[in-house]
Amino acid sequence: MKGSLSQPVTSLKGIGSARAAELKNLRITRIRDFFYHFPRDYQDRRKVIPIAEAVPGKTATVRGRVKDARTFRTRGKYMITRITFTDRSGEINGIWFNQPYITNSLKSGKDYCLSGKVEEGNREKHSRREIINPVQEEWEVDRPLHTRRIVPIYPLTEGLSQRRFREFIFRAVNNHAEELQDWLPDKIIEKYDFPELSRAIREIHFSRDREGYFKARQMLIFSEFFLLQLKLQQSKKRIFGSPGISLTADPELTVKFLETLNFELTGAQKKVWHEIARDMEKNRPMRRLLQGDVGSGKTIIAALALLAAFASKRPALYMAPTEILAEQQYLTLKNLYREIPCQVGLLTGSQPEEKKTDRMEALLDGKIDILVGTHALYSGDYRLARPGLIVIDEQHKFGVRQRQKLIAAGNNSDLLVMTATPIPRSLALTLYGELDISTIEELPPGRRPVRTYVRGTESRDKVYDYLARRIAEDERAFVVCPVIEPSREIPELTSCQEMQSYLTDNFIPGKKTAVLHGQKNPEEREAILAKFRSGEIRVLIATTVIEVGVDIPEATMMVIENADRFGLAQLHQLRGRVGRSASPSLCVLIAEPATEEGRRRLEALKSSGDGFVIAERDLEIRGPGEFFGTEQHGLPELKIADLRRDKRLLRLARQEAREIMAAGQGLDFLQRINIDLEELELII
Ligand code: ADP
Ligand code: MG
């Protein structure tokens, strides 16, 4: 019997190849898959009321005997079937649209259970109430499935009806659920008083009561998190179990470097630097996430870590998600190391091939110690150089695939992954369970909070009039637009081009504005940023390319057009480009939020300057998928658990997984359940 859960769905009565193809769209190919296709909702159809008590406007479940049936065609295109049902209290008409065959399945004189929305009938022709497109089921059945119970509603694709699908699941559960074997450790099952797996699956689909359902749900959510955590921790163990490279900072060099800075490290920076230095020294690969709000000073930390690699005579890579950031950081690092004999090189995708090859060779030959670049770095032979350290900056800007590749590609190199999108702890544990985390919790002194305003488009003139006055006094401003050129599809988007003419024509005559976006070539980009830095250009109109890495303290004002179109974390990042000096800065969000949710998001940004608070809010309002951008979130696909809602269970699951790992039983456990059941890949 054991293998029957892995049998194809066609082994179930009533499923032929056509059905199987439809089910495949739902990723249901084996009997077992039915169990884990969880309901998206439930309807309580337990209470059967007398027909006379069915109230228009409400959903009701009644029992009635078929009296007469009629199908007719309306003047329009509808076929209407009307069947009258009676009970001792009264009569009601069941109405079906375009389902003439229903008359064949309902037999005259027989009793049925009907459930659906009740409406006031058409008064002139017949005064009976109607129940529209009701679910119907014969009264004399052994076990009612579609009525008289809590009925599961499934996420489905076209072609499959709830009714048909429910019957399949019912059959699968009845015939096969008992074959499910419990895989959670007995200790855990006892501790949390979890039901057996077969019972839980039964309850989640065809629950009999609240309590049973609740327990089943808890158990399944826990199981999902538990496996996820075990996997993460196992992969962490695998990485850390392999020999790494010990990189040791040279105290003299470090001191010399710190002395060239015109500031002291903050306490938070010192703390994370110690954590990182200690980790790099260890004889095992480092896998560390450094998170810190925009402007918290992560670059210096990266520079210190890179310097430790240099001191240990190992090449190092510094990888940025955009060419602009790579170019900026290349200049920054060169400047930071100006008194240290450490050679920095730049490699980006838009460089000519020979140049790229040349840089890679220089790294291999030891002529370059630190190579800064975009992911173009990874197309080269960097592995041959056996980098001691790889720093990945703004890692959230890389796609999921890239990110996984980056983390995996490091082999036994030390890896320092940095992000300014603070990841709420609940997510960090899940997403980055294989990484250790260091957090810079404090901004450098002297930073002033950026005052933030939300304004509608009607205030635009006023906003830019004010901006023009500010830049007249040696200040700089950013204007962020969602697109470069006007968009035909979405005309309400402000483009950089339009913005430049609007500003030049109305407020800032002459050549004090410039447009910056990712499609400009590196020389142009560099020239524009240099002019902006020097003050020749006063207003930088840009797409979100400036989101990361642009560090120009004189900029004290930012206006973001169509702000409701950006993610909250992204807006926070953008805003982080100002407020970098002692003068007060402000940020104006021009937006016409179409929804209440949109409005709340902007409010959240206005009321907090703390990236962590904003990230938590964003997560609350939009959910984890949206939080990371639907395409790129890289979250595990959870079938029943929800990272927002089920934080408590996530914590418990994590703790239990840790205990198993600590007892050295993790791999055993995973192997055992892998062999016994294919549950694992299925659930996660
Ligand atoms: P981020 O964490 O966003 O990458 P950066 O590393 O770009 O931030 O730092 C932002 C700015 O703060 C830079 O101009 C940097 O020189 C400055 N900075 C970093 N650390 C300190 C500090 N301890 N004191 C004062 N300024 C600092
Ligand atoms: Mg940075």
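No hydrogens, no waters, no symmetry mates; every other heavy atom, side chains included, goes into these values. Model, not experiment: these values are computed from the prediction. Atoms within each ligand, like the ligands themselves, are counted from 1 in listed order.
Residue pairs meeting the salt bridge (Lys or Arg N to Asp or Glu O under 4.0 Å) criterion with at least one member in residues 318-332, sequence neighbours excluded, are Glu323-Arg525, Glu327-Arg525.
Closer than 4.0 angstrom to ligand 1 lie heavy atoms from Phe263, Glu264, Leu265, Thr266, Gln269, Asp293, Val294, Gly295, Ser296, Gly297, Lys298, Thr299, Pro444, Arg447, Asp551, Arg580.
A salt bridge is defined here as a Lys NZ or Arg NE, NH1 or NH2 lying under 4.0 Å from an Asp or Glu carboxylate O, and Lys271 with Glu441 meets this definition.
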Side-chain polar contacts of residues 358-365 - donor-acceptor pairs under 3.5 angstrom, sequence neighbours left out - could you list them?
residue : atom : partner : partner atom : Å
Arg359  : NH1  : Leu346  : O            : 2.6

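Across all their heavy atoms, Arg580 and Asp551 have their closest contact at NH1-OD1, 2.6 Å.
Taking Arg455 as the reference, nothing meets the side-chain hydrogen bond (donor to acceptor under 3.5 Å, both in side chains) condition, with sequence neighbours excluded.
More than 12 heavy-atom neighbours from other residues, nucleotides or ligands sit within 6.0 angstrom of NZ on Lys356.
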